[in-house]
Participant: 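I'd like to ask you about the structure that follows.
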Amino acid sequence: MYQSFIGLEVHIHLLTKTKVFCGCRSAFGDEPNTNVCPICMGYPGVLPALNIEAMRMGCMVAKSLHCRIPEKTWFERKQYFYPDMTKNYQISQFASPLGQEGFVEIEGKNIKKRVRIKECHLEEDAGKMIHTGTVSLLDYNRAGVSLLEIVTEPDMETGEEAERFIQQLRRLVRYLGVCDGNMEEGSLRADANVSINLPGKGLGRKVEIKNLNSSRFVRLGLNYEIHRQGEFLDAGKTVVQETRLWNENRDQTEPMRTKENAQDYRYFPEPDLPVFTPDLAFLKSVDDALVELPVPRMKRLEAEYGLSAEQADLICDEKALADYFEEAVAAAEKQGFNTQDAATRIVNWLLMDIKHILVREGIPLHAILSFTLKPQQLATLVVMVAQGQVSMKNAKQAMEAVITEGKDPELLIRERGWEQLTDPAKIAEAVNAVYADEGEVFAELNRTGEKDKRRRTLTAYLVGKVLEKTGGRADPKIVGTQVAALIQKG
Ligand code: ADP
Ligand code: ZN
Ligand code: MG
């Protein structure tokens, strides 16, 4: 067996309105080359100016990853040639990145570990090359977009751990509102570095898998690589240090370029941008913008509301869903309802019915707070069911009506006569009517013995008939007792 080492480099697009060093719009999917200016096109003699929002968002992520923000942070030029970058250098950070030496705790199925963060640095994105047949097209809309790179130490060991890291980081930046986390559109992309070695021998020779645009590919690519490198070492060969790509059609990594020696980018401080010294006002603005993060919130929901770890995980998947949940529970509490009981019921409604309805209505989970059914209305329905004022079936029907008509659920239930029927005399009327209709069934019940399985089926059938007669409104418990009494009488 070999020991494996995985380090990730994750790039996230910050949700700044404009690019990091010029005033161009920062947006995905616009007409090519419409959001460009001499600065992001790299004309000679132009002057970049730092977008302070990008620095603030970068520091928010850095702090949330327990990184230290240095007293002074600055930018360097990273020199290399590629057609998607017209200046022939990228403005990045090298010697004093905005976030240093942090960590994140990853937790999941059979996973619990601390992953050290080496650094977070701010840089500009490059343009995009589109290869079509014999020509290549260039779109510079993305050139100069604010990019934050998060670099981990090689502390992970399996594809599963790396996948979990990406998922947690994605959640974190979405909670902070600094990145939409959309991996398909490239707002969050990962390069995965992996090496293996004999136990105790330290790091091996690393292979980098570039541009992974889904957390699943991160897992698959890394596990494939660990296996491939193991076979190499088993055969007495040495692993070539290189950059590879994940081929999703063949489920394998393939060589892209060899990287025998570390490339020399000849970094030097960017002379056109001043050193940035975060002052107290800036640091306070960073702190003020922080929110409760997904992992602590999950733990709090478990402790405060008695949710299982799995439920808390699902509820905290989106900040808006967790907000909705807590608002609904608070509303139920206001109606005098027990917190944990309300929480259990509300979680079930949210994770089962409401999630499906949102899919049906084409509303993304993160937009749940603008959904017609408000948390207070859900709370009303849940409390009414719990107090036996309406059956579960009719409450769900009422929920659908609230969604289409936007009315108050309690009013709607009264208006339609959907309240639970609990008056024994009224229920007896329906039971007697069924007794008259279903003489045969009652007769059969009289012939069957106490232990006969068929007894239960027939009884359930009769209860169903009574419920049907009352439009689903009769309290099933009372119906059950009355039907049983009738059978007893014979
Ligand atoms: P480079 O100079 O090639 O970019 P870095 O030292 O900056 O390398 O590391 C880049 C990423 O690769 C980091 O996430 C780091 O944890 C990881 N890494 C570095 N060396 C190894 C190794 N031998 N095995 C696995 N991962 C590694
Ligand atoms: Zn520009
Ligand atoms: Mg590096």
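In listed order, ligands and their atoms are each counted from 1.
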Participant: State plainly whether the residues Arg164 and Glu161 are in salt-bridge range, i.e. N to O under 4.0 Å.
Facilitator: no
Participant: Only heavy atoms count here, so choose which of Asn193, Asp155, Ile6 is nearest to atom 17 (C) of ligand 1.
Facilitator: Asn193
Participant: Of all the atoms in ligand 1, which lie at a distance below 4.0 Å from a heavy atom belonging to Val151?
Facilitator: 13 (C), 14 (O)
Participant: Do we see a donor-acceptor contact under 3.5 Å between the side chains of Asn141 and Asp30?
Facilitator: no
Participant: With a cut-off of 4.0 Å, which atoms of ligand 1 are near a heavy atom of Gly204?
Facilitator: 23 (N)
Participant: Under the rule for salt bridge (Lys or Arg N to Asp or Glu O under 4.0 Å), what residues qualify as partners of Glu119, not counting sequence neighbours?
Facilitator: none
Participant: Looking only at atom types and distance, does a side-chain atom of Glu163 sit under 3.5 Å from a main-chain N or O of Val218, one as donor and one as acceptor?
Facilitator: no
Participant: Within a distance under 4.0 Å of any heavy atom of Leu8, pick out the atoms of ligand 1 and give their elements.
Facilitator: 14 (O)
Participant: Please compare Glu119, Lys118, Gln241 and report which has the shortest non-hydrogen distance to atom 5 (P) of ligand 1.
Facilitator: Lys118
Participant: Just do the side-chain contact (heavy atoms from CB on, under 4.5 Å) check on Lys19 and Phe21 with the steps written out, would you?
Facilitator: CA-CA 6 Å; Lys19 295 184 179 181; Phe21 300 122; over 6 Å; no
Participant: Below 4.0 angstrom, N of the basic side chain to O of the carboxylate: do Glu225 and Arg228 qualify?
Facilitator: yes
Participant: Do any protein N, O or S atoms sit under 2.8 Å from the Zn ion (ligand 2), and which ones are they?
Facilitator: Cys22 SG, Cys24 SG, Cys37 SG, Cys40 SG
Participant: Determine whether the aromatic ring centres of residues Phe282 and Phe276 are separated by less than 6.0 angstrom.
Facilitator: yes
Participant: What do you reckon, are the aromatic ring centroids of Tyr305 and Phe325 less than 6.0 Å apart?
Facilitator: yes
Participant: May I ask you to check whether Gln100 and Arg68 show a side-chain donor-acceptor distance below 3.5 Å?
Facilitator: yes
Participant: Give the single entry among Ser4, Ala192, Gly202, Pro154 that approaches atom 26 (N) of ligand 1 most closely by any heavy atom.
Facilitator: Pro154
Participant: Nearest heavy atom to atom 14 (O) of ligand 1: which of Thr152, Asp191, Thr243, Leu203 does it belong to?
Facilitator: Thr152
